[in-house]
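One structure is given here, and the rest of the page talks about it.
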Amino acid sequence: MKKKLIVLLVAMAMIIVPLSACGGGGDSGAADAGKQLVVQVGPNPETLDPALNSAVDGANTILHLYEGLLIVDENGQLAPGQAESYDVSEDGLTWTFHLRDGLKWSDGSDLTANDFVYSWKRIAAAETAAPYAATVLGPIKGFEEAAGTPAEMDEEGNVTAEAIPGNLDALAVSAPDDKTFVVELSAPCTYFGSLAAFATMMPVQQATIDANGDAWATSPDTYISNGPFYMTEWEQGSHITVAKNPNYWNADAIKLDSIKFMLIEDANAAYSAYQNGEVDFIKDVPTEEIPSLEGNEEFHVDPIIGTYYLNLNCELDQFKDAKVRKALSLAIDRNYVAGTIMQGTYTAAGNFMGPGWADPAGGEFMDNSNGGKPYIDNDNFEANLEEAKALMAEAGYPNGEGFPEITYSTNDSGYHKAVAEYLQQAWGELGLSVKVDIVEWASFTPMRRNGEYEAARNGWVGDYDDPSNMLELLETGNGNNDGKYSNPDFDAAMKASRETTDLAERSAALHKAEDILMEDAGCVPVAYYNDFWLQSAKIDGMWHSPYGYWYFMYADIAE
Amino acid sequence: MGKYLVKRVLLAIVTIWAVATITFCLMNMVPGGPFLSEKAISPAATAALEAKYGLDKPFFERYVTYLKDACHGDFGLSLKQRGRTVSGIIATKFPVSARVGGVAVLVSLLLGIPLGVVAAYKRGTAVDSILSVLATLGIAVPSFVICTVLMYFFGVKLGWLPTLGLNTPKHYIMPVFALAAYPTSYITRLMRSSMLDVLGQDYMRTARAKGLSQRVSLFKHALRNAILPVITYLGPMIAYTLVGSFIVEKIFTIPGLGGEFIKAINGRDYTMIMGTTIFLAVFMVIMLLVVDIIYTIVDPRIKLK
């Protein structure tokens, strides 16, 4: 009897012990990490391959590991990076970058202009399938030929146009010598400098990619970089540690010995870790805590270039009339939405293009919009509401009579649901009834893109600070034109902005586009995005850019 | 027994095939795809990605290719975590979950069984009532509440326990408590009711009449018979606990497999969905088989046919 009981216990132990024992003993505590900053900028990144990344937190990590031709400095201005200087030809078509002397990779090998040629061609190659390829390389001559064209198919899956394979040699990037990198554009692009500083455009080392394939970016041993830091550890889902790169040209200015990116997914967990002092900086602050953080010196709010807006599906009969769209827009009390519902973490929007966008003619785009006044006067909500009611009557729906019920679709995160509930009440003032439809995120994106909704939440954060990056979303045929807004005048203004080389003309065309858009209520801007975060008082010398990135490389920690 | 094993293994293969097939069909029916993001990717890039991962092929062809590769142990590349294989991800993440889960399984057995026995033996007393309230709480309170409460008091307010990761034994206390609360309570209740059943049996009365001590009759004669329902529960419980809990792992930032299940589904990472589901199915089938074998050891009256 006793024997059998022992057998039973041994059997159970055999199941559990090996399982619980395996993989143990990994973290024997970090060796002396030197002066280490511990931060949280997001969960485990899906990839840290600069060409493949499309996430903000991935890009934020990449910015510490790599350096592009240019960088964005603490004032949000472009500054020399790997390129000491650059010149642009008279016609704006040829950009020549002069690299610094003695540039090196983190493994000590030399970095030359040819590495940029390789890296940029790699982004263009269809096999790489870089999500941002068209955004960042689009202005370069020969991009379309380099990328090739996929086969076109009709709905039954029959091929209607054969695929054209890409020809990478067509991409007009070249290295006349090791220190000179030349880019030829197909049309002048005043903001190409911003693209050259974009995370996708970082140089990557051909040797490690050839040797390790796609897996090169998954292990510190094969992850060679050229930035202020290099990767020493990536424990999946736990942390990424980067150490000061002695081969970086400006290594003397780097005060930290290492940065540990804690890959925390849950905002409450991040907050607890911050309060415990386990982390010095967190990006994900639980929204419930925000009221208690007001006035706290460690809590920061800073604008980024982006707008939270609503789409009214312009293909539907009830939203075809601009009067209706405008009425729905004016019925929203944006000060209440941004200040109360969103707890001041957003800023009420009176324009589509908010703060931070650069006007091609100089200064901030917003300062010159609509003669310097916001399109929607948020401080006069009562008047706006009266106007909205009048517009509904003019459109043939006095007090909302005869208007079909509106289904408002949104995913459930952040303040989306609270905004939806507010809209039920706000549009209710116009006599309309609104149904809220909560859709899971991965289904929400295709649904919105295919126009299978009535009204939906939307938002955009700029990739670079040229206003075209956001205004083009409303162009006919744009892949992100979820509202299916189409106005030939708007399209013409956008086209004009692309074709001119004159900065003043370009600026005027873009402002005209926004004027048309706002007059039409082609979409309904609600609030401008801000980043908000907690940062320990002992961190000094870091900055935040309006693109939504934090720069810790030149930071220091007070002991 | 040999014949029985062969039969069970064959049946297991059919079960796993069915699970794989149903999952494959369901995930392809859900709208969305792995390469959709808020910012539209160019059609050229989407086409290139689909070609790279074979998603441009017709449904049936993909299904056949998948099964063929899976039979050879190749679960493919993750569609979202570029450059990583599904098997590689499971191999690095499962041990982490299994470490926490293994401790939680041991804790729930070592606590649940004795507590259930005590509750049955002291039936109707204050001890029984207290245990039954605790067990009900443990079953009723969801793990995210337990996690949050623990984190708030022990992690933040008192600062006794670390809230992140698994670096030292101290790090295990809160996640293990959160993971073990439900199974411990469940085992306590199972054990109590089956023990009560057994205690009323004739042979127990005989044992006591023969003058066996309380301890011997309870822990030797009664326990062996009463433990069968717990063993039945053990199979699925071990499987679920070892593969990790999404909630507990997310709250305590444990880089385990539990989170991968949910992330794979949310991101429509098809190969990861298949890989994790098949992994859980295989694990579950093996655990059920082990449970069957343990039955014959505990209760010789049970014969496997």
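Here is how names work: the chains are called A, B, and so on, in the same order as the sequence lines, proteins then strands, and each is numbered from 1.
Atom NZ of B/Lys52 and atom CG of A/Asp214 lie 3.5 Å apart (nearest 0.5 Å). Once rounded to the nearest 0.5 Å, the distance linking CD1 of B/Ile251 with CD1 of A/Ile264 reads 13.0 Å. In this structure, NZ on B/Lys250 lies 5.0 Å from CD on A/Glu265, to the nearest 0.5 angstrom. With values rounded to the nearest 0.5 angstrom, A/Gln275 atom CD is found 9.5 Å from B/Met151 atom CE. How far OG1 of B/Thr253 is from CE of A/Met262: 7.0 Å, rounded to the nearest 0.5 Å.
Heavy atoms of A/Ala273 lying under 4.5 Å from chain B belong to its backbone as well as its side chain. Within the 4.5 angstrom heavy-atom criterion, only backbone atoms of A/Thr128 (N, CA, C, O) approach chain B. With a 4.5 angstrom heavy-atom cutoff, A/Leu48 does not touch chain B via any of its atoms. For a residue to count as touching a neighbouring chain, one of its non-hydrogen atoms must lie under 4.5 Å from one of that chain's; by this rule A/Ala270 does not touch chain B. Both the backbone and the side chain of A/Gln236 have a heavy atom closer than 4.5 Å to some heavy atom of chain B. Of the two parts of A/Asn276, only the side chain, counted from C-beta on, holds a non-hydrogen atom closer than 4.5 Å to a non-hydrogen atom of chain B. For A/Leu52, the part lying near chain B is the side chain, with the backbone staying farther off; criterion is any non-hydrogen pair under 4.5 Å.
Side chains of A/Met447 and B/Pro31 form no contact here, defined as non-hydrogen atoms less than 4.5 Å apart. Within the 4.5 Å cutoff, the side chain of A/Asn268 has no heavy atoms near those of the B/Thr148 side chain. Using a 4.5 Å heavy-atom threshold, the side chains of B/Gln81 and A/Thr47 count as separate.
Every residue meeting the side-chain hydrogen bond (donor to acceptor under 3.5 Å, both in side chains) condition with B/His171, not counting sequence neighbours, appears here in chain and number order: B/Thr168. Partners of B/Lys170 under the salt bridge (Lys or Arg N to Asp or Glu O under 4.0 Å) rule, at least two apart in sequence or in another chain, do not exist in this structure. Scanning for salt bridge (Lys or Arg N to Asp or Glu O under 4.0 Å) contacts around B/Arg84 gives an empty result, with sequence neighbours left out.
Counting non-hydrogen atoms of neighbouring residues, nucleotides and ligands closer than 6.0 angstrom, the CZ atom of B/Phe59 exceeds 12 such neighbours. Shown here is B/Tyr203, whose OH atom has more than 12 heavy atoms of other residues, nucleotides or ligands within 6.0 Å. Other residues, nucleotides and ligands contribute only 12 or fewer heavy atoms inside 6.0 Å of the OH atom of B/Tyr240. The number of heavy-atom neighbours closer than 6.0 Å to OH of B/Tyr233, taken from other residues, nucleotides and ligands shown, is above 12. No more than 12 heavy atoms of other residues, nucleotides or ligands lie within 6.0 Å of CD in A/Glu144, so this atom counts as exposed by the packing criterion.
Contact tally against chain B (heavy-atom pairs below 4.5 Å) for A/Trp234, A/Tyr271, A/Phe444: the top residue is A/Trp234. With respect to chain B, the highest number of heavy-atom pairs below 4.5 Å among A/Ser272, A/Gly479, A/Ala134 belongs to A/Ser272. Chain B forms the most heavy-atom pairs under 4.5 Å with one residue out of A/Glu127, A/Glu440, A/Glu278, and that residue is A/Glu278.
Closest heavy-atom contact between B/Arg82 and A/Ala129: NH1-O, 4.1 Å. Residues A/Ser238 and B/Pro255 share a closest heavy-atom pair of CB-CG, 3.8 Å.
Below 4.5 Å, heavy atoms of chain A meet heavy atoms from B/Lys263, B/Asn266, B/Arg268, all part of residues 263-270 of chain B.
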